[in-house]
Number of protein chains: 2
Amino acid sequence: MTRETASSQTSIANVAALANVSTATVSRVLSGQRSKDDDIAQRVRQAADQLNYSANFAASSLRSDVTRTIGLVLPQISEEETPTVLLNSLSAAIRAANRYLLLAVGTDAQEQSKDLHSFLARGVDGLIIISDSSADSLIDSLNQAHKDLPIVQIGGKSLTPHISWVGTDESEAMRMTVDHLAEQGAHAIAYLSREIETYTAADLFTTFYTQAKALDLTPDPDWVQFGPCTMERGYQAALSLFQGRRIVPDAVVCASDAVALGVLIACRHINLRVPEDVKIIGYGDSPACELAQPALTSIHPVYEDMANEAVRIICERTTGKPRLPSYRAFKPELIYRESTWSPRTGSSDMTLPGAVDY
Amino acid sequence: MTRETASSQTSIANVAALANVSTATVSRVLSGQRSKDDDIAQRVRQAADQLNYSANFAASSLRSDVTRTIGLVLPQISEEETPTVLLNSLSAAIRAANRYLLLAVGTDAQEQSKDLHSFLARGVDGLIIISDSSADSLIDSLNQAHKDLPIVQIGGKSLTPHISWVGTDESEAMRMTVDHLAEQGAHAIAYLSREIETYTAADLFTTFYTQAKALDLTPDPDWVQFGPCTMERGYQAALSLFQGRRIVPDAVVCASDAVALGVLIACRHINLRVPEDVKIIGYGDSPACELAQPALTSIHPVYEDMANEAVRIICERTTGKPRLPSYRAFKPELIYRESTWSPRTGSSDMTLPGAVDY
DNA sequence: CTGAAAGCGCTAACAT
DNA sequence: ATGTTAGCGCTTTCAG
């Protein structure tokens, strides 16, 4: 039963023969399980090189039950759902850790749950999930799977305490936001939150409220609104805040860049100057922030750090000991742009990065 | 040597025992290699269900030399390089084909070449590459690898005739663009091309020139410029086209949306109205097109079709016969927006479709 | 430290 | 059509 295998013509036996050692020795040398770098090791490496040998992946996984593969489950690839920076960073981190990245885009909880099982059956070494879906099917799957595998969730609301979580310190983000607006002279801040039931919207609101009061920034109850993170919603919310009102806010904190962009457009339509009349701040630091006119100040989650931490957790050696879930919230950065701060140079100068009107 | 394997507790032998058949039969039933759906098949499926069995992936691949895995090699995840729509579509197509997606983001030709080899060693069943790099290392790798595997390149300039190519019919795109501008009343069209050495810039220029002449649109030699696809370049090019000139174009065709956005900004700075004084058209239909003010008309490559075709080529059964590379250029769509066409409703009406996600 | 040999779980060949 | 059996190529015992 001799077949031409497409994947690897040359096997460990060939290398062993050429180096005049046993296959076991070749395996040990090439996988670094051998102390000395003596004559034998040299011969083996040279033979492997000469034959252009690389180990058959399936055989190796079958035997050792290690795939050096990390599964990534996402709801969708888009700036709002999964910032491309995060994806690039994850890919880089996984490459640096000498692993492979298996990607599945599952648009709903059911698909994601299926992806997860399919990854388990395939034998990934770890799982990264980015999702806000709190469907039972998904959470059950996670609670089941975490026993076999390290699983890390990135961002969003922690789906289950059994798996690790990496994300942004949102309360800190809110504090930075409010402080920044106060520094820029804002006195009356509105807050366009996410849906109350998603994420830690309640916690965030509390932080917002506390911080605003501490700074004497009188948050009017009507100025805090919960809703979806879309441009349309930002647009409508802005109209409701500013039109036909005697007292209006002079700053708007938005739960997402999309909402902030909607507010920005609304302001143009009703002839409010940004930042002079209204300051606007977004969340996520998406590429559109720099394209906006004026460029949009936004909270920049440290995606690179989050990606590295997620991969670190998964690759962590836990020989013997049970895995314990870890939780890590990174302090984000506030990216100052024109929407909260009038630069000395003329606005929309092309030497500034970006600057597209919309 | 009995170990607790993390991936799959239950093996095909368990299922065989429970169903009271041989392992071979179980394998055949579950992989659909068996004609009838008789009593035996029922028993096997039920047993598999009951034991929550799923085949060990490594063992299956090792034996059959099939991994149901497609490798995707990219330069970077960003709207310009690899539209997120394309990525989502690829993922969906691969899911529909019941395959896995292995992703590698290699920022330069050398990394991409390494990724490619690493995928080969891993035994992917096929390879999709998105790249414009014409580095020898990469092309050599492709020329070598295509003998073992189906490889499809998506977009960009065909790297080697040995691998399949799927992309956009750029000449058709150019024809549509010029025709559209003529219809909208443009008489003097400028063309900001890509670098002459990249892609089929020369072919495109020829199409542009021929089509413009056929429609009596006198393309001034100074109005055709080659350069990088950046906003900055679009901005500078626009200034050079419009400032201090007696005769200026009334339409600008851009090789990318980024260039078009740069032109848009320049026009605002020098007080040219879009589309009244100048019509602008981009390429790629990136999310920023809808955010721009005025919204940017752009060529929309049919990413979904391209993704499906790429996956189809890879999954194609070629029993016996050698694989022949296929080339397929899809006719794109022209998305009419305000930058070439004054709508009846007020500009940037929030009820316009798509003013939500970006 | 090295080599011999077992066997990971599955599928394909072969025999019935 | 089903069962029996031989490996796929590797890693890891186990013996020396």
Side-chain angles (χ1 to χ4, degrees), chain A residues 1-44 47-48 51-68 120-123 125 319, chain B residues 1-44 47-48 51-68 120-123 125 319:
Chain A
M1 192 194 301
T2 325
R3 286 169 311 141
E4 291 288 320
T5 62
S7 41
S8 59
Q9 307 344 20
T10 163
S11 89
I12 199 170
N14 304 126
V15 180
L18 185 56
N20 209 27
V21 291
S22 72
T23 60
T25 301
V26 173
S27 173
R28 288 192 269 249
V29 168
L30 295 181
S31 67
Q33 298 219 45
R34 198 163 158 288
S35 36
K36 286 204 271 190
D37 188 4
D38 55 5
D39 179 52
I40 292 182
Q42 302 263 338
R43 278 210 321 270
V44 169
L51 297 174
N52 198 21
Y53 169 78
S54 62
N56 179 301
F57 178 79
S60 166
S61 323
L62 173 58
R63 186 56 235 250
S64 64
D65 213 28
V66 168
T67 56
R68 296 196 302 126
L120 287 183
R122 216 197 127 113
D125 292 342
T319 25
Chain B
M1 193 195 301
T2 325
R3 287 168 309 140
E4 291 288 320
T5 62
S7 41
S8 58
Q9 302 350 17
T10 163
S11 89
I12 199 171
N14 304 125
V15 179
L18 184 57
N20 208 29
V21 291
S22 72
T23 59
T25 302
V26 174
S27 174
R28 287 193 269 251
V29 168
L30 295 181
S31 66
Q33 298 218 47
R34 199 163 157 289
S35 37
K36 285 204 270 191
D37 187 4
D38 54 7
D39 180 51
I40 292 181
Q42 303 264 338
R43 277 209 323 269
V44 169
L51 298 174
N52 199 19
Y53 169 77
S54 63
N56 179 300
F57 178 79
S60 167
S61 319
L62 173 58
R63 184 58 234 244
S64 64
D65 213 28
V66 167
T67 56
R68 296 197 301 125
L120 287 183
R122 216 197 128 113
D125 292 341
T319 23

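Note on naming: letters A, B, ... go to the chains in the order of the sequence lines (proteins, then strands), and numbering restarts at 1 for each one.
What separates CZ of A:F57 from C1' of D:dG9 is a distance of 13 Å, to the nearest Å. Distance B:R63 CZ to D:dC8 P: 8 Å, rounded to the nearest Å. Following rounding to the nearest Å, B:D65 (CG) and D:dG7 (P) show an atom-to-atom distance of 17 Å. The distance from atom CG of B:L30 to atom P of D:dT2 is 14 Å, rounded to the nearest whole Å. Separating the CG atom of B:N56 from the C1' atom of C:dC8 is a distance of 8 Å, rounded to the nearest angstrom. At whole-Å resolution of the value, CD1 in B:I12 and P in D:dA6 are 18 Å apart.
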Between protein and nucleotides 1-5 of chain C, what N or O pairs are separated by less than 3.5 Å?
residue, atom, partner, partner atom, Å
C:dC1, OP1, A:S35, OG, 2.5
C:dT2, OP1, A:R34, NH2, 3.0
C:dT2, OP2, A:R34, NE, 2.5
C:dT2, OP2, A:R34, NH2, 2.9
C:dG3, OP2, A:S22, N, 3.0
C:dG3, OP2, A:S22, OG, 3.2
C:dG3, OP2, A:T25, OG1, 2.6
C:dG3, N7, A:R28, NH2, 2.8
C:dG3, O6, A:R28, NH2, 3.4

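Without hydrogens or angle criteria, B:T23 side chain to B:I12 main chain gives no donor-acceptor distance under 3.5 Å. A side-chain donor-acceptor contact under 3.5 Å links A:D38 to the backbone of A:A41. Not a single donor-acceptor pair under 3.5 Å links the side chain of A:R122 to the backbone N or O of B:F57.
Proximity of B:Q33 to the phosphate of C:dA12: a side-chain N or O atom is located under 4.0 Å from OP1 or OP2. Between A:S60 and D:dT11 there is a side-chain N or O to OP1 or OP2 distance below 4.0 Å.
For the residue pair A:A16 and A:S22, the shortest heavy atom distance occurs at CB-C, 3.8 Å.
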>> With side-chain contact (heavy atoms from CB on, under 4.5 Å) as the criterion, how do B:N52 and B:T10 come out once you've worked through the C-alpha distance, each side chain's angles and the decisive distance to 0.1 Å?
In response: CA-CA 8 Å; B:N52 199 19; B:T10 163; 5.5 Å; no

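Here the side chain of B:L62 is nearest to one of C:dT11, D:dG9, D:dT11, namely D:dG9.
The residue B:Y53 sits close only to the backbone: its heavy atoms come under 4.0 Å of sugar-phosphate atoms, none of a base.
Contact annotation: the side chain of A:N56 approaches that of B:L62 to within less than 4.5 Å [non-hydrogen atoms, C-beta and beyond].
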